[in-house]
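Inspection log for the structure reproduced underneath, given as structure tokens.
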Amino acid sequence: MRHLLIQIALLLFGSISFCLTLDAQVKTKDSLSIQLKEVVVEADQENISASVSTYFPTSKQKNASQSGIDLLNRMAIPQLALGAGTTINTVGNRPVAVFIDRLPATADDLKNMRTTDVKKVEYYDYPSDPRFLGNAHVVNFVMKRYEYGGYLKALGSERFIANDGQLNLFGKFQSKKFTFDLGLGASYSKSTHDFAESFETYRLPQNDGSEKTFRRTESVIAADKHNRLLWPTLKVVYNTDKITISNIVGAAFDHTPINNTTGTVGINPDKMDLTDFNKTEAMRQNSLSYSGNWNFILGKRNTINFNPVYSYTHSRQSSLYREGRAEFPNDAEDDSHSVRARLQFNHSFGNYGNLKIFCQGLFYRASTRYLGTADLHDRLTTYRIGPGLGYSLSRNKYYIYLPVGGINLS
């Protein structure tokens with residue numbers, strides 16, 4: 001009977017997902033070594049000041065949430081408008097940067113978050129703290145800290161009709177000043193339902209000065225695509241009252257061994273007979289990345305931030321297109337390196353604003369080799385470096401920022 005109910009549920013919903021958390025906490029900074037009598041305290045769930053709005057999630061909200069985004073949805077913070085997926089905007093449709101303990105948070109960080117460890121959620125408009133990297137609107141999760149201990153969390157989903165699935169494993173271990181986050185994710189997909197029809201219009205000048213229009217119609221009648229993706233990450237954070245150093249190393253292995261389509265091609269208005277076409281593709285992309293976020297509090301309202309970023313990507317693609325008796329093979333192999341860094345000194349004048357002096361640089365190198373119908377080796381190297389300074393002042397609902405120099409690192 002139980003197996004029958006499971007089969008009926010799979011037919012009705014076509015998917016299944018799970019979330020599992022295993023705790024191994026030993027001691028927290030919030031714990032006491034003596035036993036106290038039970039005390040019930042009623043407090044406001046929000047605290048709003050001129051510089052920050054602070055919200056305290058209830059135990060019910062934290063226990064019912066599976067991710068940081070899920071918790072924000074349940075808290076219904078009035079300044080936020082949450083869209084589909086992981087998109088977070090203000091109610092005025094401005095982007096919101098997300099941080100965890102004043103460190104930049106990725107979508108995977110929010111997905112793997114243990115929501116029962118959230119102490120409070122802070123919302124800032126034009127924060128003066130340089131650790132928020134100059135973002136205009138910020139959400140910061142303040143987490144419970146452990147003397148030592150941690151947890152394991154597993155998230156998984158499977159869609160039987162779409163024939164794809166995903167598994168995320170995440171582990172956190174904390175030992176006094178050090179925190180280690182280890183993540184491993186994997187996904188697969190097999191699709192045979194990508195049917196489509198596309199149109200292309202060509203306008204060709206004629207000898208008599210007129211223009212003749214042709215319309216090329218491509219109809220896909222069968223498709224088969226397989227994809228596998230694996231991504232490990234390691235994050236190490238050293239945190240004291242005056243120093244915060246975060247280093248993240250990650251990799252991604254993306255492989256599409258099969259991406260085949262077959263269909264027909266026709267051209268109007270010549271009413272040519274439909275021609276069969278077949279396209280086979282394969283792709284493999286491996287990447288390695290590093291991201292650092294170093295913050296130092298020097299005293300006397302002075303701080304220093306350093307943000308180095310490096311990424312390497314190697315990709316290889318091959319394809320063969322057949323249309324009638326014609327064949328068009330194409331292969332491409334690409335290697336790219338990207339380095340970005342920003343060093344910034346900050347000084348706060350209190351109510352009279354903030355001054356920052358910075359230097360940032362970019363280096364990018366790419367090498368691409370094309371083979372097949374065309375043989376080409378393309379190389380690109382670019383680098384930029386530029387100093388700059390900026391002054392910011394925030395007054396109630398008004399914010400002024402005056403920058404000089406700097407470069408675009410995007």
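In this text the structure is predicted, and so the values were computed from the model without any measurement. We're numbering straight along the sequence, starting at 1.
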Give a yes-or-no answer on whether the side chains of Asn239 and Thr244 include a donor-acceptor pair shorter than 3.5 Å. yes
Any donor-acceptor pair under 3.5 Å from Asp164 side chain to Glu158 backbone: no
Does the Asn112 side chain pair with the main chain of Asp109, one donor and one acceptor, at a distance under 3.5 Å? no
Is the terminal nitrogen or CZ of Arg342 (NZ for Lys, CZ for Arg) located under 6.0 angstrom from the six-membered ring centre of Phe306 and within 45° of that ring's axis? no
For the side chain of Ser65 and the backbone of Ser67, is there at least one donor-acceptor N/O pair under 3.5 Å apart? no
Can you classify the ring geometry of Phe277 versus Tyr321 as parallel (below 30°), tilted (30 to 60°) or perpendicular (above 60°)? parallel
Residues forming a side chain to side chain donor-acceptor pair (under 3.5 Å) with Thr256, sequence neighbours excluded: Asn227
Donor-acceptor pair, side chain of Glu333 and main chain of Asp331, under 3.5 angstrom: no
Distance to the ring centre below 6.0 angstrom and angle to the axis at most 45 degrees; does that hold for Arg215 and Phe199? yes
Is there a donor-acceptor contact under 3.5 Å from the side chain of Lys62 to the main chain of Val118? yes
Can you check whether Pro57's main-chain N or O pairs, donor with acceptor, with Lys120's side chain at less than 3.5 Å? no
Please state whether the rings of His337 and Tyr312 are parallel, tilted or perpendicular, taking 30° and 60° as the class boundaries. tilted
Both conditions, 6.0 Å and 45 degrees, for the charged tip of Arg114 above the ring of Tyr151: are they met here? yes
Measure up the His137 and Tyr123 rings against each other and bin them: parallel (under 30°), tilted (30 to 60°), perpendicular (over 60°). parallel
In this structure, is the centre-to-centre distance between the rings of Tyr391 and Tyr401 below 6.0 Å? no
Exam field: side chain Asn73 to backbone Asp70, donor-acceptor pair closer than 3.5 Å: no
